[in-house]
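To keep things clear, I will list the structure first and then write my remarks on it.
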There are 2 protein chains.
Amino acid sequence: MSTPGRKTVRDLRRGNRAMLLRALYFGGPASRNELSAQTGLSAATVSTMTGDLLADNVIVEAGQVDSDGGRPRVLLKVNPAYGYAVGVDVGETQVKVELFDLEMNVRARAHYAVRSAKHDPELVARHILTGVDAVIAEGEVPAGQVLGVGVGVPGIVEPGADGLVRAKTFGWEAVPLGALLRAGTSLPLVLDNGAKTMGQAELWFGSGRGTGDAVILLVGSGVGGTIVTGGRIYRGAGMAAGEVGHLKVIAGGRACRCGARGCLEAYLGAEAILERAGVEADSADEEAALARLLESGSPVIGETVDLLGAGLSSLVHLFNPERIVIGGWAGLMLGGRLLGEIRAATAANTQAQPFQPESVVLGRLGPDAVALGAATLVIEPFFGDAAYPSPAIA
Amino acid sequence: MSTPGRKTVRDLRRGNRAMLLRALYFGGPASRNELSAQTGLSAATVSTMTGDLLADNVIVEAGQVDSDGGRPRVLLKVNPAYGYAVGVDVGETQVKVELFDLEMNVRARAHYAVRSAKHDPELVARHILTGVDAVIAEGEVPAGQVLGVGVGVPGIVEPGADGLVRAKTFGWEAVPLGALLRAGTSLPLVLDNGAKTMGQAELWFGSGRGTGDAVILLVGSGVGGTIVTGGRIYRGAGMAAGEVGHLKVIAGGRACRCGARGCLEAYLGAEAILERAGVEADSADEEAALARLLESGSPVIGETVDLLGAGLSSLVHLFNPERIVIGGWAGLMLGGRLLGEIRAATAANTQAQPFQPESVVLGRLGPDAVALGAATLVIEPFFGDAAYPSPAIA
DNA sequence: CTGACTTTCTTCGAGGCTTAGATTATGGTC
DNA sequence: GACCATAATCTAAGCCTCGAAGAAAGTCAG
């Protein structure tokens with residue numbers, strides 16, 4: 001058994017405070033009275049608590065609204081300028097650094113091209129660090145108000161202070177990216193898999209919004225995923241859960257770049273699809289090539305849909321999710337034209353009872369959400385009880 | 001986002017009380033002092049809380065132990081006679097009803113043979129109800145002390161008051177077993193999939209003990225499973241999660257009795273293995289037949305191990321579990337001789353990083369644990385904050 | 001313009017909770 | 001028998017949330 005193990009009477013207030021902040025953050029502006037109804041807390045408690053939060057400048061007033069013949073209600077909202085978070089997307093071709101306020105409006109950006117196929121860890125770290133300084137300067141944010149830096153990387157991030165990253169596609173074998181960054185900044189750092197940061201973005205602001213149990217698929221050049229249980233990203237015992245790309249669909253089948261055979265990623269990512277169709281394309285023109293292939297009516301596409309359906313069926317039977325979100329540029333391209341076929345293929349592989357075809361939907365945020373999601377990782381502790389496994393912190 | 005939403009100061013005590021009971025239940029007898037250390041609660045709190053629990057008769061003293069030259073410590077333990085739970089295993093060939101005390105000692109049993117392939121729901125319900133009365137009478141338990149009846153059934157149990165069960169193998173299509181039982185007893189009822197009740201048993205008392213994230217496989221005639229996240233069984237949005245048997249291993253492959261193709265269960269359960277080997281056997285002598293097949297060195301066995309390895313690999317990549325437990329009579333038979341091969345097959349399909357071959361282990365409880373696990377479902381609320389999705393309650 | 005009414009928000013006392021520190025209980029050691 | 005060590009309980013203090021009562025800030029009829 002695990003130990004939820006809450007303790008003192010003070011944790012109680014922390015928890016309730018977090019709940020109230022969540023209601024305010026995701027439910028938009030609300031009056032004290034509405035908050036009381038939403039959270040179940042008494043009006044008295046809401047009153048003292050909002051008093052504290054206002055004093056701390058975490059929330060601010062946001063206008064008034066008349067009430068039928070009574071005292072008008074004062075609306076409250078989270079103060080977007082209370083703090084800022086930096087989100088970083090370490091991608092195949094570039095490093096993107098963006099500064100967000102608490103409402104996740106972009107305040108500044110910095111992009112650095114990276115020569116494909118050559119991902120020197122130290123260079124990447126340097127890009128990130130200069131980028132962080134640049135966006136903070138450009139965004140004109142007071143020094144103490146940056147809450148932290150979230151970094152979405154390919155591959156698996158090991159738990160631990162060094163932020164060890166293993167990413168086959170980058171040729172990274174236990175690269176201590178966390179330590180490299182730690183040496184150059186004193187801001188709080190959070191590292192996580194890019195597919196998970198993107199999943200977090202879809203969960204908070206996109207198609208996953210409001211769901212407690214969901215699977216979010218990121219189909220780009222390769223395939224990644226995020227599993228949501230109980231409204232939170234599930235990371236497993238060693239932060240490596242949710243590797244949907246290496247779900248087996250045909251045991252002993254096509255070789256995958258991970259070294260094994262028959263993984264979903266051996267059939268589904270843009271790279272695998274193009275290879276299977278015999279199309280040559282380097283990562284720069286994958287997008288155009290995939291679009292052409294889709295138009296051409298190649299049988300490879302039909303096979304791909306079938307295999308995706310089989311994979312989704314496995315996910316349905318294992319997780320019984322409320323929703324399945326397909327994202328990533330290739331996923332959106334495929335799903336944009338073939339969502340009906342994908343749903344049908346899934347249904348064909350799945351017992352009717354637990355599966356609703358309409359639960360398979362497309363992502364709403366586009367492929368740029370990795371940095372956004374990485375920034376939310378920095379914000380998340382605000383709204384949580386922190387009694388959950390968190391991404392690696394360096 | 002989900003809403004942990006704890007509220008009043010009273011929930012706090014309930015939570016701490018549950019934590020303390022858990023420590024006592026799973027950690028065996030302990031002194032107040034040890035409890036204080038284990039739970040992190042102050043000695044004073046432990047003192048008042050144990051006072052309450054003693055007054056309520058939930059715990060009892062269990063002897064003394066000298067301490068180096070000081071006041072001897074008084075040991076406390078959960079009172080096994082505080083209450084009793086009935087566990088029911090609705091199996092293919094029989095209905096087993098067993099009465100347990102809080103320490104999960106069996107106090108009485110009643111078994112009812114069921115003619116194979118004919119599972120009249122009303123008959124099953126009648127067997128259960130007579131069985132419940134019989135074991136309570138035989139166990140000589142005071143009327144008010146039976147805490148409830150837990151029932152492990154094949155197939156999927158829908159959430160809701162009627163306890164709707166869907167079990168293809170029984171030909172049950174939305175059978176309201178909960179309602180049928182409700183009509184015949186006023187005891188609290190809990191229904192869940194038999195693979196999950198067994199998983200719960202392994203989690204609490206068997207090979208899964210102490211793990212927070214685990215996958216427990218039940219391989220019998222068919223294949224079922226239990227997924228454990230955060231120390232609790234994960235049930236998904238509609239109680240249907242963890243259907244490991246319908247994980248795809250070869251998309252478009254062999255037909256499964258669920259109607260789809262390529263499921264793990266189309267290759268792995270005793271039924272599927274024997275079919276693939278061309279052995280005729282009805283459910284009564286499946287066990288002997290499988291044993292013979294294993295001795296014979298049939299190539300089917302090697303294939304089976306490979307496919308099991310592929311399936312486990314999928315589970316590793318999705319859940320990153322701390323441990324994988326293989327249980328069920330066929331699973332134990334297979335794993336008993338071929339555990340090394342199974343581990344190797346899994347490793348061959350899996351990236352080295354997140355997977356430790358030794359994390360695949362055999363179950364420790366044998367196939368009789370379904371009823372035991374069902375009874376624990378009745379006990380579980382005692383130790384929990386109940387703010388988690390629970391099995392269907394009728 | 002005034003007074004009644006409505007609705008929102010704040011204040012206050014009560015009841016609970018956990019904690020730290022003092023106190024009592026219970027044994028051994030010299 | 002004096003002294004010490006450890007275990008368990010008692011007491012006072014500080015938080016927390018809640019319900020009820022009161023204050024605030026409008027509307028609306030006459």
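Naming convention: chains lettered A, B, ... in sequence-line order (proteins, then strands); numbering from 1 in each chain. Quantities reported herein were computed from a predicted structural model and do not represent experimental measurements.
By the salt bridge (charged side-chain N to carboxylate O under 4.0 Å, His left out) test, B/D192 is found to be paired with B/R235, residues two or more places apart in sequence or in another chain being considered. Every ring-ring contact (aromatic ring centres under 6.0 Å, His included) that A/Y25 has, sequence neighbours left out, goes to A/F383. A/N33 meets the side-chain hydrogen bond (donor to acceptor under 3.5 Å, both in side chains) test with no other residue; sequence neighbours excluded. Take B/V9 and apply the side chain to side chain contact (heavy atoms under 4.5 Å, CB included) test, not counting sequence neighbours, and it matches A/V9, A/L12. Remark: A/Q38 engages A/A23 in a side chain to side chain contact (heavy atoms under 4.5 Å, CB included) (not counting sequence neighbours). Listed by chain and residue number, nothing satisfies the side-chain hydrogen bond (donor to acceptor under 3.5 Å, both in side chains) test with B/Y84 (two or more places apart in sequence, or in another chain). For A/N320, there are no side-chain hydrogen bond (donor to acceptor under 3.5 Å, both in side chains) partners two or more places apart in sequence or in a different chain.
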Throw together a table of side-chain donor-acceptor distances under 3.5 angstrom for residues 47-56 of chain A, partners on residues two or more places apart or in other chains.
residue, atom, partner, partner atom, Å
A/T48, OG1, A/R13, NH2, 3.4
A/T48, OG1, A/T45, O, 3.0
A/T50, OG1, A/R32, NE, 3.4
A/T50, OG1, A/V46, O, 2.8
A/T50, OG1, A/S47, O, 2.9
A/D52, OD2, A/R13, NH2, 3.3

Donor-acceptor pairs under 3.5 angstrom involving side-chain atoms of residues 70-79 of chain B: please list them, not counting sequence neighbours.
residue, atom, partner, partner atom, Å
B/R73, NH1, B/E34, OE2, 3.4
B/N79, OD1, B/A81, N, 3.0
B/N79, ND2, B/N57, O, 3.0

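The CG atom of A/L41 sits 14 Å away from the C1' atom of D/dG19 (whole-angstrom rounding). The nearest whole Å value for the distance from the CG atom in B/D11 to the P atom in D/dC15 is 22 Å. At whole-Å resolution of the value, CZ in A/R14 and P in D/dC15 are 15 Å apart. As rounded to whole Å, 19 Å separates atom P of D/dA23 from atom CZ of A/R32. B/E61 places its CD atom 16 Å from the P atom of D/dA7, with the value rounded to the nearest Å.
With a cutoff of under 4.0 Å to any heavy atom of chain A, the contacted region of DNA chain C is bounded 5' to 3' by C/dT6 to C/dT18.
A sub-4.0 Å separation between OP1 or OP2 of D/dT17 and a side-chain N or O of A/R13 is present.
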Original post:
Can A/F319 and A/Y234 be said to form a ring pair (Phe, Tyr, Trp, His ring centres under 6.0 Å), step by step?
Top reply: CA-CA 11 Å; A/F319 296 105; A/Y234 176 69; 7.8 Å; no
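Taking every heavy atom of residues 42-51 of chain B and every atom of DNA chain C, pairs under 4.0 Å involve B/S42, B/A44, B/T45, by number.
Across D/dC15, D/dC18, D/dA8, the shortest atom-to-atom separation from the side chain of B/R73 is found for D/dA8.
Atom NZ in B/K196 sits 7.5 Å away from atom CD1 in B/I233 (nearest 0.5 Å).
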Distances for protein N or O near nucleotides 26-30 of chain D N or O, under 3.5 Å:
residue, atom, partner, partner atom, Å
D/dG26, N2, A/G69, O, 2.7

